Trainee: 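The structure that follows is given in the form of C-alpha cells.
Index from 1, following the sequence. Because the structure is predicted, anything quoted here is derived from the model rather than measured.
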Amino acid sequence: MLVWQDQEAERLLSGIQSHNLDVKADSLKKLANLSRDITFAQEFINRNGLKQLFLIVEEGNDIGEILAHTLKAFMELMEHDFVSWETLSPAFIKKQIVRYVNTAGMDASVQQLSLSILENMVPSSRLLFELVKREVTLDRLLTHLQMTNQQLQLKAMALLIALLLNASDAERRDMMGYLSERNIRQFIHKNIIHASEPMGDEMAHYLYVLQSITLNLLERRMRTPMDPYSQEQRELLQFLRHSAFELESEPSAGTVSAERRRSVCVTEFRKLGFQNYSNPAQDLHRTPPGLLALDNMVYFSRHCPSAYSRFVLENSSRDDKHECPFARSSIQLTLALCEILHVGEPCSETAQAFYLMFFGQDHFFQELFCICIQLQNKTWKEMRATQEDFDKVLQVVREQITRTLSLKPTSLELFKTRVNALNYSEILRLRQTERMHQEETLAAPVLELRERLKPELLQLIRQQRLLRLCEGTLFRKISSRRRQDKLWYCRLSPNHKVLHYGDVEQGVQSPPIESLPEKIPVADIKELLVGRECPHMKEKGSGKHNKDVLDLAFSISYDVEEYYLNFIAPTRYEFCLWMDGLNVLLGREMTSERTQSELDILLSMELKLRLLDLENISIPDAPPPVPNPPSNLNFCYDFSPHEQ
C-alpha cells in the first residue's frame with residue numbers, strides 16, 4: 001500500500017533539487033498537492049525533504065511561482081505535526097518568512113502563504129509568539145487589511161486573531177488599545193465589510209472573534225466590585241449626583257451642619273435611583289456588572305447630559321410608586337447587555353455572527369447602553385409601571401433589544417429607530433401572535449387525529465433527509481491551530497447505498513459525485529458516534545475542544561476493522577440533517593431536535609387545514625353518546641319491487 005508514496009517521495013525529492021527550472025517547478029507543485037496525504041508526508045519528511053525546502057527558501061534564488069509552491073508544500077508538511085514548529089531557527093523565520101510579509105511589492109501568493117505559516121507558529125510556543133509579535137508589527141498587518149486582495153486580507157486577519165488569542169491579558173489590552181488608536185474598525189468597515197466582493201465564512205468568523213475579544217476587554221471592570229474606600233470611585237458617584245442636580249441649591253459648608261449636607265446627599269442618591277441611597281457603593285458591590293455599570297452611568301451623563309438630566313429629574317418629580325429608578329435600571333441593564341452580547345464568555349471556534357454596527361461605532365457598548373437606558377424609561381412609562389413591576393419592565397426591554405438585534409441593523413442609528421418602534425404594545429401583539437401559532441387544541445379527537453397523521457409526516461421527513469444527504473454537504477477540517485481552510489465534501493448516492501467523499505478546493509460548492517474518490521457502502525456502517533465519543537474529539541484531549549465543536553461532531557464506524565469517518569458539521573442544522581439521515585439509513589428512529597420541531601410544524605399545519613371547516617366550533621372532549629335504539633322499526637320503508 002505504501003509503494004506509490006515511497007516511490008513518489010523519492011522522485012519528487014530528486015525533482016526539487018533539479019537545475020532545470022521547469023522540472024523543479026513541476027515537482028514542487030506536485031509536492032504541494034501530495035503533501036496533504038499523511039502517509040506521503042511522512043515518507044518525504046523521513047527522507048530529510050524539509051531540509052531541501054529550507055535550502056530553496058534560504059538561497060533566495062527562486063521567487064514567484066517556485067517560491068509559492070515551496071512555501072505551500074512546507075506548510076502542508078508541517079500541518080501533520082510530524083515536526084514541531086519550535087525546531088525552526090529564529091534566523092530562518094526572521095530572514096525569510098517574516099521578510100516576505102514585511103516587504104512591500106512582494107508576490108501576493110507568497111505573502112499569503114507566509115502569513116499562514118506565521119499564523120500556525122503563533123500558538124505553538126510562547127517563544128514563537130513573541131518572535132512573530134515583535135517582527136510583524138500591527139501597522140504592517142493593518143496595511144495588508146487595506147489591500148483589495150481578499151485572500152491577503154483573510155490571512156492577515158487570521159494572523160492578527162492568532163496573536164490576540166495567544167497574548168496575555170495585559171498584552172491583549174495593549175494591542176487592542178493600539179489598534180483602536182489606529183482606527184481598526186474603520187479599516188474593517190471600509191475595506192472588508194463594504195468591499196466590492198462578498199465576505200466569506202472564514203472572514204466572518206474572524207470578525208466575530210475580533211468582536212468577542214473587544215467586548216471581553218470589559219470583563220475586568222464587569223467583575224470588579226466597587227471599593228468604598230477608593231477616592232476615584234467615590235468621586236465618580238459624586239459626579240453623577242452633581243450632574244443631575246447641579247441647578248439645585250447646594251448647602252455651603254459654612255451655613256449648615258455636616259448632618260444637613262449628608263441628608264441632602266442621601267435624598268439626591270435616592271432620587272438617582274440607588275437602593276442603598278445612604279451608601280450607594282453597596283449597589284455596585286455585586287459582580288457582574290460591578291464597576292462596568294458605574295462606567296456606563298458616567299458615560300451617559302457626560303455624553304448625553306440633557307437626556308441624563310431629563311431622565312433623573314422627570315422621575316424624581318413623580319410619585320415614589322411610579323418613578324423609574326435610574327441607578328437600579330442602569331445596573332440591571334448593564335448586566336442584561338453583558339449577557340446578550342456574551343461579555344466574558346470564550347469565543348466559539350465556528351460562530352460567524354457578528355454585528356455590522358459594532359465595526360461602525362467607537363465605544364459600541366457604551367453607546368448601546370445610552371440608547372437602551374432611554375428605552376427603559378420609555379417602556380416604563382408605556383407600561384405605567386410601579387416599583388413592583390421592575391423585573392417585568394426589564395424583561396420587556398430585554399426582549400425589545402434581542403428582537404431588534406436579530407434584525408441585524410447596520411448602524412446604531414438604525415438600531416435606535418427600530419428598537420424605539422418596537423414599543424410595549426407591539427411586543428404584546430408579537431407575543432399574542434406567537435402564542436396563537438404555538439397553541440394547539442388538546443381535545444381528545446384532535447389528539448387522536450394528530451397521532452394518525454404522524455407516520456405519514458415522519459415518512460415525509462425521512463424522504464427529505466435522504467434527499468439532503470444526496471445533495472451533500474461541504475465540511476471543514478478544524479485542527480488544534482484553528483485553521484479552517486481545509487475542505488472536504490460528502491454525499492449519498494442516488495440509490496442510497498454508498499457514501500461518497502473526498503477533498504475539494506476552496507470555492508467548490510457542489511462537486512459531482514464522480515469527483516469524490518472515496519466510498520463507504522452503507523451496508524458496512526456499524527455505528528454512529530456523537531460528541532465526546534468521536535475519535536477526533538478524543539485525539540487531542542477534551543480540553544482542546546469547546547462545547548460548540550463538541551455539539552457539531554459526529555463519526556461513523558465502518559467495515560469489520562472499524563475504520564472511522566469523522567465529521568464536524570458547519571452548523572447545528574446540518575448536524576441534525578446528517579444525524580437523522582444516517583439513522584434512517586441504519587433503520588433507526590430520527591432523534592434530532594430538528595425532527596421534532598419540523599414534525600410539530602407539519603402537524604400544526606395539517607391539523608389547521610383539516611379543522612378549517614370547524615373554525616369557531618367547540619370540539620368536545622368526548623364523542624356524543626350513541627342514542628338508544630328505537631322501540632320499533634315501523635318507520636322503515638321497503639324499496640323492493642312489488643309483484644303485480
Side-chain angles (χ1 to χ4, degrees), residues 5-103 106-136 140 155 158-159 162 479 481 483 485-486:
Q5 289 98 335
D6 183 73
Q7 293 176 347
E8 203 63 32
E10 188 67 40
R11 189 178 70 80
L12 291 180
L13 183 61
S14 174
I16 65 175
Q17 299 177 65
S18 172
H19 295 293
N20 186 316
L21 292 182
D22 291 335
V23 173
K24 188 174 185 178
D26 289 341
S27 299
L28 285 167
K29 183 177 181 180
K30 192 167 186 180
L31 176 63
N33 291 327
L34 290 180
S35 294
R36 297 175 182 174
D37 183 271
I38 189 169
T39 307
F40 170 83
Q42 189 168 19
E43 289 295 319
F44 187 80
I45 291 172
N46 289 343
R47 285 168 170 74
N48 214 11
L50 281 175
K51 182 179 179 182
Q52 293 302 322
L53 296 180
F54 290 155
L55 289 174
I56 294 173
V57 175
E58 288 174 342
E59 285 171 0
N61 298 326
D62 300 302
I63 59 173
E65 185 182 10
I66 288 181
L67 181 56
H69 290 321
T70 304
L71 294 176
K72 177 69 174 174
F74 169 70
M75 187 173 66
E76 294 291 350
L77 290 167
M78 293 297 291
E79 187 70 13
H80 296 294
D81 290 333
F82 292 129
V83 179
S84 171
W85 290 96
E86 295 178 70
T87 59
L88 301 181
S89 70
F92 171 77
I93 297 170
K94 286 193 292 186
K95 291 181 180 179
Q96 308 301 331
I97 309 301
V98 169
R99 180 168 64 86
Y100 299 147
V101 172
N102 290 337
T103 302
M106 177 64 67
D107 183 88
S109 60
V110 171
Q111 288 192 322
Q112 291 168 29
L113 290 163
S114 300
L115 286 164
S116 290
I117 291 170
L118 294 177
E119 177 207 349
N120 279 276
M121 289 180 189
V122 166
S124 300
S125 74
R126 181 67 190 177
L127 287 175
L128 287 176
F129 162 79
E130 291 175 349
L131 173 63
V132 176
K133 178 176 176 290
R134 182 174 62 252
E135 298 297 330
V136 182
R140 171 52 56 184
K155 300 307 180 184
L159 178 55
S479 73
R481 288 188 290 275
R483 284 175 51 78
D485 54 347
K486 294 290 188 70

Trainee: Taking Ser14's backbone N and O only, do any of them form a donor-acceptor pair with Ser18's side chain (distance below 3.5 Å, no angle check)?
Mentor: no
Trainee: In the structure I gave you, are the side-chain heavy atoms of Glu135 and Val101 within less than 4.5 Å of one another anywhere?
Mentor: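 Side chain of Glu135 against side chain of Val101, heavy atoms only: no contact under 4.5 Å found.
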Trainee: If we only count heavy atoms from C-beta on, is the Met121 to Leu88 side-chain gap below 4.5 Å?
Mentor: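 A side-chain contact exists here, since the closest heavy-atom pair is under 4.5 Å.
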Trainee: Is there side-chain contact between Ile93 and Leu118, with heavy atoms separated by less than 4.5 Å?
Mentor: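 With C-beta onward as the side chain, the pair touches.
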Trainee: Salt bridge check, Glu130 against Lys133: does any charged N sit closer than 4.0 Å to a carboxylate O?
Mentor: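 Salt bridge flag = no for Glu130 with Lys133.
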Trainee: Checking His69 side chain against Asp26 main chain: does a donor-acceptor pair fall under 3.5 Å?
Mentor: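 Not confirmed, His69 side chain does not pair with Asp26 backbone.
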Trainee: Locate the shortest heavy-atom distance separating Arg140 from Asn102; write the atom from each residue and the value.
Mentor: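 Minimum heavy-atom contact is CG-OD1, 3.2 Å.
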Trainee: Any sub-3.5 Å donor-acceptor pair from Glu58's side-chain atoms to Lys95's backbone N or O?
Mentor: no
Trainee: Identify the two heavy atoms, one from Ser114 and one from Leu71, that lie closest to each other, and give their separation to 0.1 Å.
Mentor: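 Scanning both residues completely, I find the closest heavy atoms to be OG-CD1, 3.7 Å.
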Trainee: Does the pair Glu65/Lys29 count as a salt bridge with the N-to-O cut at 4.0 Å?
Mentor: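 No, Glu65 and Lys29 are not salt-bridged.
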Trainee: Looking at Arg47 and Glu10, is any side-chain nitrogen of the basic one under 4.0 Å from a carboxylate oxygen of the acidic one?
Mentor: yes
Trainee: Using a 4.5 Å cut-off on heavy atoms from C-beta on, say whether the side chain of Tyr100 contacts that of Val57.
Mentor: yes
